[in-house]
Amino acid sequence: MTEQTTTHRTATGDATWDPARPPRQDGRTVVVTGATAGIGYFAAEQLAAAGAEVVLASRSAARLAGAREAILARTPDAHVRTVVLELGSFGAVDEAAAELAALPRLDGVFLNGGAMSMSTRARTSDGHPLLLGTHVLGHVRLLAGILPALTATAVEHGGEGRVVHASTGFVARFRPDVDDPARVPRLGVVAYAKAKAVTEVLAFELDRRLRAAGRPVASVVTHPGVGVDARTPHRPGIRDDSTPYRRNPYTPWAQGKDAAAWPGVRALTDPGIRGGDYVAPREGMRGLPVRLAAPARTADPGADAVRRVWERVEALAGVELRV
């Protein structure tokens, strides 16, 4: 599955951003979900090269080990941990959240993982629609477990925690209705877009609630543009002859998945990014990551609509996301 956007908003006044030289992250600990392939892997690789202690979170212990080895092969002195995280199982999410919350510090999380099966009939082990369950409910439950640790780290070290949510340009293209998050559209790609639209509504509301509560944690939304295998650099076990290759008709206008990771990395590391920002490629499908105007349909759909989505997702996830 690739990411397409129809967003054509004007970038805000950004300073020059060099993806090859993000701000140093020495001493900071960041978590990346879905970190064993694609955008998640390259985000983790870039963060590790910038000096962060990176926690790779994904469902396969074997693939986590392979991703860790790939990062260390490029940055031998990198600090890389792994945590098994199955977003389709609330029990597994709770175990991973407890492990992450127990780390000596926790400065940021890139909520990038989630199933890419377009089957609308597939379900998580808890019986929820797979796309909603892994992209939304699993991450909400994870956040409920680690948000206190993010806050505590920011207070102790005098910084700001970051919660970065991965969305998609399909939200703007398909404009899915989010009134009932549990209602599954018939087309898989629209169901995926709906899960990401719900993610955006929650992410922008989370930032409002964090600011209202005076918490030193920012919630930021990103989308990667179009990342394709044909333009992605090789990494042993991550992107090579042993891994599946997906053809994509947008390849001439697209970028590699390493570049598609840039918005997430910028959202985690740039001190100029603020809570409620929306970071995406300058050229839509590709390009340097810039701040765009937040999409009104998800950033400001009305207080009643936001409350309904928030409460419904909490009920489905079986947690209260307290700030």
Side-chain angles (χ1 to χ4, degrees), residues 1-7 33-41 58-60 63 85-90 92-93 111-142 165-203 221-230 232 243-251 253-255 257 260-261 263-264 280-281 284-285 295 297-298 301 309 312-313 316-317:
M1 192 67 199
T2 57
E3 305 286 339
Q4 183 179 1
T5 178
T6 55
T7 300
T33 71
T36 58
I39 293 168
Y41 167 79
S58 192
R59 63 181 180 176
S60 167
R63 294 188 67 183
L85 170 64
E86 170 53 77
L87 288 166
S89 164
F90 288 165
V93 169
L111 301 177
N112 164 80
M116 295 307 294
S117 166
M118 293 297 107
S119 169
T120 58
R121 296 183 178 181
R123 294 292 184 269
T124 68
S125 63
D126 302 293
H128 297 290
L130 184 63
L131 291 169
L132 175 71
T134 57
H135 288 275
V136 180
L137 306 183
H139 278 144
V140 165
R141 195 160 177 121
L142 180 70
H165 310 258
S167 187
T168 171
F170 284 134
V171 172
R173 178 175 180 179
F174 293 107
R175 301 170 65 86
D177 180 10
V178 298
D179 278 349
D180 182 358
R183 185 185 302 125
V184 181
R186 287 189 291 180
L187 290 177
V189 67
V190 181
Y192 172 67
K194 178 173 180 174
K196 290 303 189 181
V198 172
T199 293
E200 290 189 13
V201 171
L202 295 171
V221 178
T222 69
H223 87 70
V226 181
V228 297
D229 289 337
T232 299
T243 57
Y245 174 83
R246 295 178 179 176
R247 299 178 65 85
N248 191 295
Y250 293 100
T251 294
W253 305 277
Q255 61 193 350
K257 293 180 181 178
M285 289 189 182
R297 290 188 71 251
T298 53
V309 171
R312 181 65 169 139
V313 168
L316 291 167

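Along the sequence shown, residues carry numbers from 1. Any value given below was found using the heavy atoms of this structure, including those in side chains, with hydrogens, waters and symmetry copies removed.
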- Task: Could you pull out the closest heavy-atom pair between V140 and A317, with the gap in Å?
- Result: CG1-CB, 4.2 Å

Side-chain donor-acceptor pairs under 3.5 Å in residues 125-135, sequence neighbours left out?
from: S125; atom 1: OG; to: G88; atom 2: O; distance (Å): 3.0
from: D126; atom 1: OD2; to: F90; atom 2: N; distance (Å): 2.8
from: H128; atom 1: NE2; to: L316; atom 2: O; distance (Å): 3.2
from: T134; atom 1: OG1; to: A115; atom 2: N; distance (Å): 3.0
from: T134; atom 1: OG1; to: L130; atom 2: O; distance (Å): 2.8
from: H135; atom 1: ND1; to: K196; atom 2: NZ; distance (Å): 3.1
from: H135; atom 1: NE2; to: A115; atom 2: O; distance (Å): 2.6

- Message: Does V226 form a side chain to side chain contact (heavy atoms under 4.5 Å, CB included) with W253? I'd like the steps, not just the answer.
- Response: CA-CA 8 Å; V226 181; W253 305 277; over 6 Å; no

- Item | R297: salt bridge (Lys or Arg N to Asp or Glu O under 4.0 Å) partners, not counting sequence neighbours | none

- Note on the structure: Smallest heavy-atom separation, T298 atom then A197 atom, equals CG2-O, 3.8 Å

- Item | Pairwise distance NE2(H139) to CG(L202) - rounded to 0.5 angstrom | 12.5 Å

- Message: For V313, run the side-chain contact (heavy atoms from CB on, under 4.5 Å) check against V136, T199, V201 and tell me which one passes.
- Response: V136

- Closest non-hydrogen atoms of V171 and A193, given as atom of the first, atom of the second and distance, are CG2-O, 3.6 Å

- On a heavy-atom basis, the closest approach of S167 and V221 is CB-CG1, 4.1 Å

- Query: Should H223 and F170 count as side-chain neighbours, where that means a heavy-atom distance under 4.5 Å?
  - Reply: no

- Return the set of residues passing side-chain contact (heavy atoms from CB on, under 4.5 Å) with R59 (not counting sequence neighbours), or none when no residue passes. E86

- Query: Between the main-chain N or O of A280 and the side-chain N or O of T222, is there a donor-acceptor pair closer than 3.5 Å?
  - Reply: no

- Query: What's the verdict on side chain to side chain contact (heavy atoms under 4.5 Å, CB included) for Y192 and M116, showing C-alpha distance, side-chain angles and the deciding distance?
  - Reply: CA-CA 8 Å; Y192 172 67; M116 295 307 294; 3.8 Å; yes

- Side chain proximity check, R186 to T120, heavy atoms < 4.5 angstrom: no

- Message: Holding to salt bridge (Lys or Arg N to Asp or Glu O under 4.0 Å), I want the full list of residues that pass it with D229, two or more places apart in sequence or in another chain.
- Response: K257

- Show your working on side chain to side chain contact (heavy atoms under 4.5 Å, CB included) between L142 and L111 and close with a plain yes or no. CA-CA 9 Å; L142 180 70; L111 301 177; 4.1 Å; yes

- When rounded to the nearest 0.5 angstrom, what is the spacing between OG1 in T168 and CZ in R173? 10.0 Å

- Listed partners of T36 passing side-chain contact (heavy atoms from CB on, under 4.5 Å), at least two apart: S58, R63, L64, A67

- Query: Sequence neighbours excluded, which residues qualify as side-chain contact (heavy atoms from CB on, under 4.5 Å) partners of A260?
  - Reply: I39, P224, Q255

- Taking every non-hydrogen atom, the tightest pair across P181 and V198: CB-CG2, 4.2 Å

